[in-house]
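What follows is a set of notes on a single structure, which appears directly below.
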Amino acid sequence: MEWIFEPWPWYIGGPLVAFCMIALLLAGKNFGVSSNFRTICAACGAGKTSDFFKFDWKAQRWNLLILIGAVLGGYVGAHILSDGAQIPAIHPDTITKLHELGFQSAGKAYAPAELYDTLDLRTLALLLTGGLLVGFGSRYAGGCTSGHAISGLSDLQLPSLIAVVGFFIGGLLMVHVIFPVLF
């Protein structure tokens, strides 16, 4: 039973994701988390005020089950199938660099305490701006990172390849350019 408490290696997780994607492709389904928000809004009646939400949301119920399963799986993994240590393994050089930037909780906590323990005006502004940019980006790109990187690339869609390249470029810019300026 000890193996279940350890992170699974890529050669286990990767084929499991591939198996799920093959099953979805054979069933003619596309996976994506952000599309669930549209489905939830449509189910709650948002189609009465916006044409974007006027569609047969019941045909997307299967995707809602995946979202619910992801949330429940995360809970089970963190609270039942875990030794309680919610600290990700970070390379020592990264920890040192984060300490230099003022993040003393790096390597000791799951989320940076410097950002989430005290919600001052600056932190709230950063979180709100980040959330709006992620939401806008998901809508503008026609899907989120999971939808494009997992489902879209599995389906050999060129727009998904372009979106994933953009995600990586954006991530690199954030880490190497914007993050050091903000902190």
Exercise for the section: State plainly whether one hydrophobic cluster holds both V33 and V17, where clusters connect Ile, Leu, Val, Met, Phe, Trp and Tyr through side-chain heavy atoms under 4.5 angstrom apart. Expected result: yes
Completion exercise
Output for pair (I150 CD1, D155 CG), nearest 0.5 Å, gives 13.5 Å
Exercise for the section: Using side chain to side chain contact (heavy atoms under 4.5 Å, CB included) as the criterion, list what pairs up with L121, not counting sequence neighbours. Expected result: none
Exercise for the section: Kindly assign one of parallel, tilted or perpendicular to the pair Y75 and H79, based on the angle between their ring planes and the thresholds 30° and 60°. Expected result: tilted
Practice task
Hey, could you give me the OG/CG distance between S154 and L24, rounded to the nearest 0.5 Å?
Solution key: 9.0 Å
Practice task
Would you tell me whether S105 and E114 have side-chain atoms, one donor and one acceptor, within less than 3.5 Å of each other?
Solution key: yes
Practice task
Would you check if K97 and T94 make a side-chain contact, meaning some heavy-atom pair closer than 4.5 Å?
Solution key: no
Problem - ILVMFWY network linking V165 to V134, side-chain heavy atoms under 4.5 angstrom - result: no
Problem - Minimum-distance pair of heavy atoms, taken over all atoms of G152 and S160 - result: CA-OG, 3.2 Å
Problem - Pairwise distance CD1(I40) to CZ(F37) - rounded to 0.5 angstrom - result: 6.5 Å
Problem - Exercise: do D120 and T123 side chains pair donor with acceptor under 3.5 Å - result: yes
Practice task
Please report the C-alpha distance between T96 and E100 in whole Å, then the side-chain angles of each, then the deciding distance to 0.1 Å, and finally whether the side chain to side chain contact (heavy atoms under 4.5 Å, CB included) criterion is met.
Solution key: CA-CA 6 Å; T96 302; E100 290 171 7; 3.8 Å; yes
Handout entry: Verify same cluster id: M21, I66 (apolar side-chain graph, 4.5 Å)
Key = yes
Handout entry: Hydrophobic cluster membership, V175 vs L127, 4.5 Å side-chain cutoff
Key = no
Practice task
Examine the side chains of N63 and S35 and answer whether a donor and an acceptor come within less than 3.5 Å of each other.
Solution key: yes
Handout entry: Gap between atom NZ of K54 and atom OG1 of T49 - 0.5 Å precision
Key = 9.0 Å
Practice task
Look at the side-chain heavy atoms of Ile, Leu, Val, Met, Phe, Trp and Tyr, link any pair under 4.5 Å apart, and say whether L65 and V76 land in one connected group.
Solution key: no
Problem - Side chains of L158 and L161 in contact at under 4.5 Å (non-hydrogen atoms) - result: yes
Problem - Intermediate values then yes/no, side chain to side chain contact (heavy atoms under 4.5 Å, CB included), F55 and Q60 - result: CA-CA 10 Å; F55 71 100; Q60 293 295 316; 4.2 Å; yes
Problem - Note, W57 side chain near R38 side chain (heavy atom, < 4.5 Å) - result: no
Handout entry: is_close_aromatic(F103, F179), centroid dist under 6.0 Å
Key = yes
Fill in the blank from the handout: The reported gap from NZ in K108 to NE2 in H99 (rounded to nearest 0.5 angstrom) is 5.0 Å
Practice task
Would you mind listing every ring-ring contact (aromatic ring centres under 6.0 Å, His included) that reaches into residues 141-178, with sequence neighbours excluded?
Solution key: none
